[in-house]
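Given the structure is predicted, the values throughout are model-derived calculations rather than measurements.
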Amino acid sequence: MSMLEISGLQASYGPSQALFGVDLSIGEGQVLALMGRNGMGKTTTIKAICGMVVPSKGSLSFAGEDLRRLKSHQIARLGIGLVPEGRRCFAPLTVEENLTAAARPGDWDFARVGQLFPRLAERRDQLASSLSGGEQQMLAIGRALMTNPRLLILDEATEGLAPVVRQEIWAAISRLKAETGMAILVVDKTLSELRQVADAAVILNKGENAWSGSMADLTPELTDRFLGV
Ligand code: ATP
């Protein structure tokens with residue numbers, strides 16, 4: 001059964017319409033890649049899920065709840081954890097303070113995040129502002145995990161990071177998939193890694209679904225057509 005179900009989603013920024021009809025669904029434990037060239041509506045779709053953009057049309061439900069009736073903090077409490085584009089940690093707080101400030105009851109605590117990302121445990125007393133980009137992304141993922149989500153959303157999971165750090169982030173996502181059964185919605189530009197971790201994909205083009213299906217059915221012809229430069 002679907003955990004997140006979106007149908008016919010439309011949304012605008014003032015007079016400018018960004019989404020014209022987005023459909024997607026994610027089941028328990030499923031990893032879905034949301035793909036598309038720049039500006040095609042991936043971040044806007046994520047913002048609509050998280051209550052940061054008000055949809056003008058369509059339906060969004062999560063675990064049977066109508067997301068359109070809820071505010072961002074209520075959506076987070078339902079079990080949707082967001083790792084936003086650009087990371088956004090609290091710079092003047094330490095690693096540990098960033099993590100504990102986000103904590104909600106459940107299996108994920110500081111120790112467990114530290115097992116997933118040992119670098120965060122090593123740097124627990126360091127200010128977030130002094131971390132490298134990769135460490136800040138680990139911290140942003142850790143913060144989302146501390147809310148004990150049932151669905152983790154990563155917008156631009158590895159953008160701007162060094163190759164070795166990217167690998168660490170992908171390894172962590174694979175571990176989450178294998179060990180927790182958490183549903184994951186991931187946006188990223190590295191197709192090869194998405195192919196390995198995602199079960200299914202939705203491709204957006206100009207604010208609407210261009211293709212959706214199982215990752216195994218995503219042919220080079222489709223990726224050239226919708227993701228190529
Ligand atoms: P990227 O990979 O570049 O982040 P994206 O697929 O996530 O792209 P969105 O950021 O959702 O795309 O943008 C979809 C459309 O909405 C684009 O035309 C973009 O210019 C527009 N848009 C995004 N944010 C705003 C905003 N705050 N105000 C006005 N228009 C916006």
| Criterion side chain to side chain donor-acceptor pair (under 3.5 Å) on T94 and D125, from CA distance to verdict | CA-CA 5 Å; T94 66; D125 297 322; 5.5 Å; no
Determine whether [X] and [Y] make a side-chain contact, defined as any pair of heavy atoms from C-beta on separated by less than 4.5 Å.
X	Y	value
M35	L227	yes
I80	P149	no
R68	S59	no
L194	W170	yes
F110	R124	yes
L82	M52	yes
V53	I46	no
F62	L151	yes

| Are there more than 12 heavy atoms of other residues, nucleotides or ligands under 6.0 Å from atom NZ of K189? | yes
| field | Connected hydrophobic set around F90, excluding itself, where side chains approach under 4.5 Å | value | L93
Shortest non-hydrogen contact from [X] toward [Y]:
X	Y	answer
G81	A144	C-CB, 4.1 Å
I203	G36	CG2-CA, 4.4 Å
P92	L127	O-CD2, 3.3 Å
D107	R112	CB-NH1, 3.1 Å
N98	A128	ND2-CB, 3.5 Å
A157	I169	O-CG2, 3.9 Å

| query | Does the pair L99 and L139 meet the rule for a side-chain contact (heavy atoms from CB on, under 4.5 Å), with working shown? | reply | CA-CA 7 Å; L99 292 172; L139 183 55; 3.7 Å; yes
Has [X] got a side-chain atom pairing as donor or acceptor with [Y]'s backbone, closer than 3.5 angstrom?
X	Y	answer
S25	S2	no
N209	D23	yes
T190	S192	no
R104	N148	no
R195	L218	yes

Straight-line distance of [X] [atom1] to [Y] [atom2], nearest 0.5 Å:
X	Y	atom1	atom2	answer
Q137	S132	CD	OG	10.5 Å
Q115	W108	CD	CH2	8.5 Å
L204	F226	CG	CZ	10.5 Å
E179	S174	CD	OG	10.0 Å

| side-chain contact (heavy atoms from CB on, under 4.5 Å) between L4 and L67: does it pass, once the steps are laid out? | CA-CA 10 Å; L4 177 72; L67 295 180; 4.0 Å; yes
Option from [options] for which side chain to side chain contact (heavy atoms under 4.5 Å, CB included) with [X] holds:
X	options	result
I26	V31, L185, I6, D199	L185
I141	V83, L120, V113	V83
L131	R123, R119, M138	R123
W211	V202, L222, T223	L222

| request: Could you walk me through whether L154 and V187 pass side-chain contact (heavy atoms from CB on, under 4.5 Å), step by step? | output: CA-CA 6 Å; L154 298 118; V187 170; over 6 Å; no
| Does D155 come within less than 4.0 Å of K47, counting only side-chain N to carboxylate O? | no
| request: With side chain to side chain donor-acceptor pair (under 3.5 Å) as the test, would you mind laying out the steps for E5 and S61 before giving the verdict? | output: CA-CA 5 Å; E5 188 84 50; S61 71; 5.9 Å; no
| message | Quick one, I184 with L32, criterion side-chain contact (heavy atoms from CB on, under 4.5 Å). Give me CA distance, side-chain angles, the key distance, then yes/no. | response | CA-CA 6 Å; I184 301 175; L32 179 83; over 6 Å; no
